[in-house]
Amino acid sequence: MRVVLGVGAGIAAYKCCELLRLLTESGHRVRVVPTPAALEFVGAATWAALSGEPVSVTPWEDVHEVPHVRLGQEADLVFVAPATADLLARAAVGMSDDLLTAVLLTARCPVVFAPAMHTEMWEHPATRANVATLRGRGAVVLEPASGRLTGRDTGPGRLPEPAELFSVARRLLARGTRALIQDLAGRHLVVSAGGTREELDPVRYLGNWSSGRQGYALAETAVSRGGQVTLIAANTDLPDPAGVKVVRVRSALQLREEALAAADTADAVVMAAAVADYRPAARSDSKIKKTGAAPDPVVLAENPDIVRDLVAARRRPGQVIVAFGAETGDLLANGRQKLARKGSDLLVVNKVGNGLAFGTADNEVLVLGADGSEVMLPRAAKEEIADSIWDLVVARLP
Ligand code: C5P
């Protein structure tokens with residue numbers, strides 16, 4: 001497919017050499033269109049050599065080909081990274097004072113901005129307003145990652161890692177024209193992922209096999225549909241997805257606290273995490289030693305049911321709450337019982353065993369609705385399952 005990689009004048013432009021590589025190596029034809037100032041950071045020769053395509057920054061070159069119209073019209077995706085405060089501002093008001101901004105006006109395909117700038121610039125009301133304008137017009141504007149910035153400062157403003165940016169591009173290209181429907185734009189979605197660990201002592205815990213992949217797929221697909229996502233990740237080993245606010249937790253009690261806090265502003269909460277039903281009643285401050293005598297039994301205390309607490313605390317009218325459940329037996333009967341017990345709007349019943357669910361790339365689920373609905377999602381990639389779950393959530397949002 002044809003991709004226009006728009007490069008803004010930010011120090012993070014160097015990361016886009018890697019993004020370009022990932023795009024070309026997966027078979028896409030990429031035209032790099034830097035802003036004139038971006039060439040201060042990475043020169044045209046680098047972009048031309050890596051893309052195998054000509055590079056220009058102004059519509060005044062190759063005028064007979066009318067590049068500012070042709071590039072925009074032919075593109076299947078325009079991906080702007082790093083999107084500086086200046087570039088976001090020019091795009092928001094619809095200026096076309098260089099080739100890239102002209103392409104942004106002629107493109108009718110999905111457009112992604114991956115902002116990178118200092119925290120102060122990102123948080124400035126002018127930038128907030130520009131981001132809101134662009135999102136309102138259907139562009140995907142990713143939240144920047146938090147961490148070390150150009151100098152010694154840290155905070156939100158980092159460009160996400162190239163592999164994560166590539167995942168966003170891949171997902172949007174795969175969605176084709178459906179990617180133009182940003183049906184989660186303006187929505188705050190909270191997703192939990194992974195499995196909790198309940199500590200016995202400083203070195204041991206009770207845990208489970210959840211990898212977090214289904215929850216991460218939910219977070220990633222929601223971003224591609226324009227959502228603002230808070231991902232509460234319990235003990236996962238996966239890279240932070242681009243554009244997602246990741247909150248890390250360990251235990252069920254921590255997860256509960258973060259979920260309830262994030263739910264205050266959430267349009268939907270999807271609890272994909274495997275939460276321990278029980279925790280050790282007491283945590284030893286020192287490592288439990290082998291005594292030679294018969295070991296003490298581990299006494300357990302029950303964890304609060306977070307989904308039920310979310311349902312009870314539902315502050316926003318119309319907030320959609322989704323629970324997950326792993327079952328080995330009769331999916332439908334057990335699922336209906338669980339849905340009634342939890343009080344959520346939807347229950348995604350996972351079939352576990354036979355190579356499904358844990359740590360795999362595929363999943364097969366049955367989604368039960370409190371309204372009596374029943375949707376079988378046949379075996380598919382976890383991302384596809386995630387998209388189908390969002391379809392069901394979107395249909396229930398006010
Ligand atoms: O009852 P069960 O543990 O099978 O329910 C699974 C669902 O409930 C998942 O959505 C999980 O995130 C959630 N859960 C919870 N609080 C618990 C245990 C599970 O919210 N203590």
Side-chain angles (χ1 to χ4, degrees), residues 189-199 205-219 222 229-236 247-264 266 268-281 300-314 319-353 356-359 363 365-370 375 377 382 385-386 388-390 392-393 396:
L189 299 324
V190 176
V191 178
S192 71
T196 59
R197 290 182 184 176
E198 310 297 323
E199 289 186 37
Y205 59 82
L206 300 178
N208 61 67
W209 290 113
S210 177
S211 65
R213 289 174 75 159
Q214 185 62 69
Y216 274 62
L218 281 155
V229 182
T230 303
L231 174 65
I232 306 174
N235 310 297
T236 54
V247 179
R248 296 201 172 271
V249 296
R250 281 190 165 174
S251 66
L253 292 179
Q254 288 169 352
L255 199 158
R256 178 179 181 275
E257 195 171 311
E258 296 294 346
L260 285 170
D264 271 350
V269 185
V270 182
M271 284 285 292
V275 181
D277 293 322
Y278 300 100
R279 64 180 182 279
L300 298 174
E302 192 167 348
N303 277 327
D305 191 307
I306 304 168
V307 169
R308 278 170 55 182
D309 291 348
L310 286 165
V311 170
R314 182 156 26 198
Q319 183 180 70
V320 178
I321 298 176
V322 184
F324 272 62
E327 297 292 343
T328 49
D330 182 346
L331 294 194
L332 190 56
N334 294 345
R336 277 281 161 219
Q337 271 179 20
K338 182 167 289 183
L339 181 60
R341 212 166 51 235
K342 299 265 172 193
S344 60
D345 301 288
L346 293 169
L347 177 76
V348 181
V349 193
N350 262 307
K351 203 169 166 177
V352 292
L356 285 167
F358 290 122
N363 211 358
V365 301
L366 175 68
V367 188
L368 302 179
V375 180
L377 301 177
K382 282 182 174 170
I385 299 280
S388 304
I389 293 171
W390 288 126
L392 296 169
V393 169
R396 283 165 176 78

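Both counts, for ligands and for their atoms, begin at 1 and track the order of listing.
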- Query: Within a reach of under 6.0 Å around CZ of Arg250, are more than 12 heavy atoms found that belong to other residues, nucleotides or ligands?
  - Reply: no

- Message: Considering non-hydrogen atoms of the protein only, which is the closest contact for atom 11 (C) of ligand 1, and what is the distance?
- Response: Ala273 O, 3.4 Å

- Task: From the options Lys342, Arg308, Met271, Arg256, select the one whose nearest heavy atom is closest to atom 8 (O) of ligand 1.
- Result: Lys342

- Short N or O distance, Ile306 and ligand 1, threshold 3.5 Å exclusive: yes

- Who's the nearest protein heavy-atom neighbour of atom 18 (C) of ligand 1, and how far? Asp277 OD1, 3.4 Å

- Message: So, regarding Pro304 and ligand 1 (criterion: nitrogen or oxygen to nitrogen or oxygen, under 3.5 Å), is there a contact or not?
- Response: yes

- Message: Does ligand 1 come near enough to Lys338 that some N or O of the ligand is less than 3.5 Å from an N or O of the residue?
- Response: yes

- Note on the structure: atom 19 (C) of ligand 1: closest protein heavy atom, distance to 0.1 Å, is Val275 CB, 3.6 Å

- Could you tell me whether some N/O pair between Asn303 and ligand 1 is separated by less than 3.5 angstrom? no

- Is Arg314 atom CZ crowded by more than 12 heavy atoms from other residues, nucleotides or ligands, each under 6.0 Å away? yes

- Query: N/O to N/O below 3.5 Å, does that happen between Phe324 and ligand 1?
  - Reply: yes

- Distance filter under 4.0 Å to Ala276 heavy atoms, resulting ligand 1 atoms: 21 (N)

- Message: Under a 4.0 angstrom heavy-atom cut-off, which atoms of ligand 1 come close to Ala323?
- Response: 10 (O)

- Based purely on interatomic distance, does Val307 place a nitrogen or oxygen under 3.5 Å from a nitrogen or oxygen of ligand 1? yes

